[in-house]
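So the structure is just underneath, and the comments pick up after that.
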There are 2 protein chains.
Amino acid sequence: MRMSQGVEWAVHTLINLGCLDDDEPVSTTRLASGHDLPRAYLNKQLQQLVKAGLLESVPGARGGFRLARPPEAITLLDAVDAIEGGGALFRCTEIRQCGTIGARGAGGDFSVACAVKSSIGLAERMWRETLAGQTIAAIQAEALAHAPGMASAVRHAYGRD
Amino acid sequence: MRMSQGVEWAVHTLINLGCLDDDEPVSTTRLASGHDLPRAYLNKQLQQLVKAGLLESVPGARGGFRLARPPEAITLLDAVDAIEGGGALFRCTEIRQCGTIGARGAGGDFSVACAVKSSIGLAERMWRETLAGQTIAAIQAEALAHAPGMASAVRHAYGRD
DNA sequence: GTGCGAATACTCGGATACCGCGTGTCCGAGTAAGTGAGG
DNA sequence: CCTCACTTACTCGGACACGCGGTATCCGAGTATTCGCAC
């Protein structure tokens, strides 16, 4: 159960795009060279962010990607779900109803959710709520607090000079 | 990022073993047929629980597995880590330091943890804490509340008749 | 009847295949900019 | 000088390989039971 590496790329890219003050799109080439990432593969991840409605893509020459919403309106959960697909971490297969135990214990009420599913689901809800409570804007502010030069570095790397 | 199916098997098995009132080991064959699971593969998962110190294994004829600790002393986190390996969900590769942005932003303080890492790490800590706060005994009690016959079904399936 | 040894049946444990998903790459469709000729 | 069509260069988007980890299985090492035989 390891998180896809694309999540880290996606979040940093969203933060960087949030550092710009115009709406000009930034090409995959510039976004990739900004953090030494494989251009083609990063493009694949960006396409998923577009599908999720976090980015807008501009095709053709001088095209690229820009934020579809202000950074304050994009949460970590949005980014994680966009890359990972949004499915639940734990998927209950109801084995409690199978086999000799499930058959014999049929006197129980199977309409009530499985206790194992509920317990792990609670932890998963905490995880998702904590992700949903943090916006790209907030993370960007935290990063800028310890590296104030980042904003100008981003603007330079993205051709805003 | 999907959780291994073995986690569900492991937790249900731990709960079932907690329903017994003696210390006789239960063989993989009985544990598997209790929920219609593939015997050989379940055995692999049980071995991981042994390595993690949650189960004790008894070799030879009439051998099997039994709880190494009382159900009150086994948490969901113990089970998940035993099956999944215990590594972090998100692994930061420090791409913030790479590429034109990382190089130019070198004025920043890289000794401070990456803001992205911290943010996702916070969510991950919530996940792990919630898992650690739930014991096998508690889940078992919840399950028995809605299916009181389960305990006797388990004892029957495991040859305690 | 009793004790002992071999045969037996059963169990865990690690070594061995299979498959799907994450990872990485490539090429085609489409668009804006640049260029040069004609009016 | 202005307009316009063509060429060019660049970009996104989806289709195409590769490798690793989860999934599933099998066989060997080891032990308690059981059976048979000698005493």
Side-chain angles (χ1 to χ4, degrees), chain A residues 1-10 13 17 24-52 54-66 68 80-87 89-91 93 95 158-159, chain B residues 1-10 13 17 24-33 35-52 54-66 68 80-91 93 95 158-159:
Chain A
M1 187 178 52
R2 198 180 91 266
M3 207 163 194
S4 168
Q5 190 163 10
V7 171
E8 184 180 7
W9 303 357
T13 300
L17 286 174
E24 294 300 306
V26 181
S27 72
T28 304
T29 302
R30 284 218 156 100
L31 291 171
S33 65
H35 287 301
D36 263 347
L37 305 176
R39 181 183 52 181
Y41 189 32
L42 174 64
N43 183 271
K44 194 187 186 73
Q45 315 285 358
L46 296 177
Q47 285 176 35
Q48 296 187 251
L49 295 181
V50 171
K51 274 191 179 172
L54 306 185
L55 290 183
E56 285 175 2
S57 68
V58 178
R62 310 265 308 173
F65 298 87
R66 67 167 149 252
V80 170
D81 276 352
I83 301 296
E84 295 291 337
L89 297 182
F90 175 77
R91 255 156 292 210
T93 58
I95 65 171
Y158 291 173
Chain B
M1 186 178 52
R2 199 179 92 266
M3 205 164 195
S4 168
Q5 190 164 11
V7 172
E8 184 179 9
W9 303 359
T13 300
L17 286 174
E24 294 299 308
V26 180
S27 73
T28 303
T29 301
R30 284 219 155 100
L31 292 171
S33 65
H35 287 301
D36 264 348
L37 305 176
R39 180 183 52 181
Y41 189 32
L42 174 64
N43 184 272
K44 192 185 187 71
Q45 315 286 359
L46 297 178
Q47 285 175 34
Q48 296 187 252
L49 295 182
V50 171
K51 274 190 181 174
L54 306 185
L55 291 183
E56 286 175 2
S57 67
V58 178
R62 307 267 307 174
F65 298 87
R66 65 167 151 254
V80 171
D81 275 353
I83 300 297
E84 296 290 338
L89 297 182
F90 175 78
R91 254 155 292 207
T93 58
I95 65 171
Y158 290 174

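In what follows, chains are A, B, ... by sequence order, proteins preceding strands, each numbered from 1.
- Atom P of nucleotide dT23(C) and atom CE of M3(A) are separated by 11 Å, given to the nearest angstrom.
- OP1 or OP2 of dT23(D) lies within a sub-4.0 Å distance of a side-chain N or O belonging to S4(B).
- A sub-4.0 Å separation between OP1 or OP2 of dT11(D) and a side-chain N or O of T28(A) is absent.
- For the pair E8(A) (side chain) and T93(B) (backbone), a donor-acceptor distance under 3.5 Å is present.
- One interatomic measurement links the two molecules: CD1 of I83(B) to C1' of dG21(D), which rounds to 15 Å at whole-angstrom precision.
- What separates CZ of R39(A) from C1' of dG24(C) is a distance of 13 Å, to the nearest Å.
- In this structure, N43(B) places its CG atom 13 Å from C1' of dG28(D), rounding to the nearest Å.
- Along DNA chain D, the nucleotide closest to A61(A) and the one closest to R2(A) are compared, and the more 5′ of them pairs with A61(A).
- Summarising the geometry, the separation between CZ on R66(B) and C1' on dC12(C) is reported as 14 Å, rounded to the nearest angstrom.
- Note: CZ (R91(B)) to C1' (dG21(D)) measures 12 Å, nearest angstrom.
- In this structure, the helix from dG1(C)-dC39(D) to dG39(C)-dC1(D) shows an angle of 0° between the axis at its start and the axis at its end, each fitted on 5 base pairs and rounded to 10°.
- Nearest nucleotide to the side chain of Q5(B), out of dC26(C), dC12(D), dT23(D): dT23(D).
- In terms of heavy-atom proximity, Q48(B) sits nearest to I83(B) at NE2-O, 3.5 Å.
- If you take NZ of K44(A) and C1' of dG13(D), they are 10 Å apart, rounded to a whole angstrom.
- Interatomic distance, L89(A) CG to E84(A) CD, rounded to the nearest 0.5 Å: 8.5 Å.
- Atom OG1 of T13(A) and atom CG of L54(A) lie 12.0 Å apart (nearest 0.5 Å).
- Side chains of N43(B) and F65(B) form a contact here, defined as non-hydrogen atoms less than 4.5 Å apart.
- For R62(A), the CZ atom sits in a loose shell: 12 or fewer heavy atoms of surrounding residues, nucleotides or ligands are nearer than 6.0 Å.
- When the side-chain nitrogen and oxygen atoms of Q47(B) are compared with OP1 and OP2 of dC12(C), none of them lie within a distance under 4.0 Å.
- As judged by a 4.0 angstrom heavy-atom cut-off over every strand, G63(A) is placed among residues touching the sugar-phosphate backbone only.
- Note on Y41(B): every side-chain N or O is 4.0 Å or more away from OP1 and OP2 of dT25(D).
- Summary of the strand contacts: L42(A) and G60(A) both lie near DNA chain C, and taking for each the nucleotide with the nearest heavy atom, the more 5' one is attributed to L42(A).
- Between S57(A) and the phosphate of dG13(D), there is a side-chain N or O to OP1/OP2 separation shorter than 4.0 Å.
- Sequence order on DNA chain D of the closest nucleotides to K51(A) and R62(A) puts R62(A) first from the 5' end.
- Atom pair E8(A):CD and dG22(C):P shows a separation of 17 Å (rounding to whole Å applied).
- Residue V58(A) comes nearest to R66(A) through the heavy atom pair CG2-NH2, 3.8 Å, listed as atom of the first residue, atom of the second, then distance.
- Residues V80(B) and V7(B) come closest through the heavy atom pair CG2-CG1, 4.0 Å.
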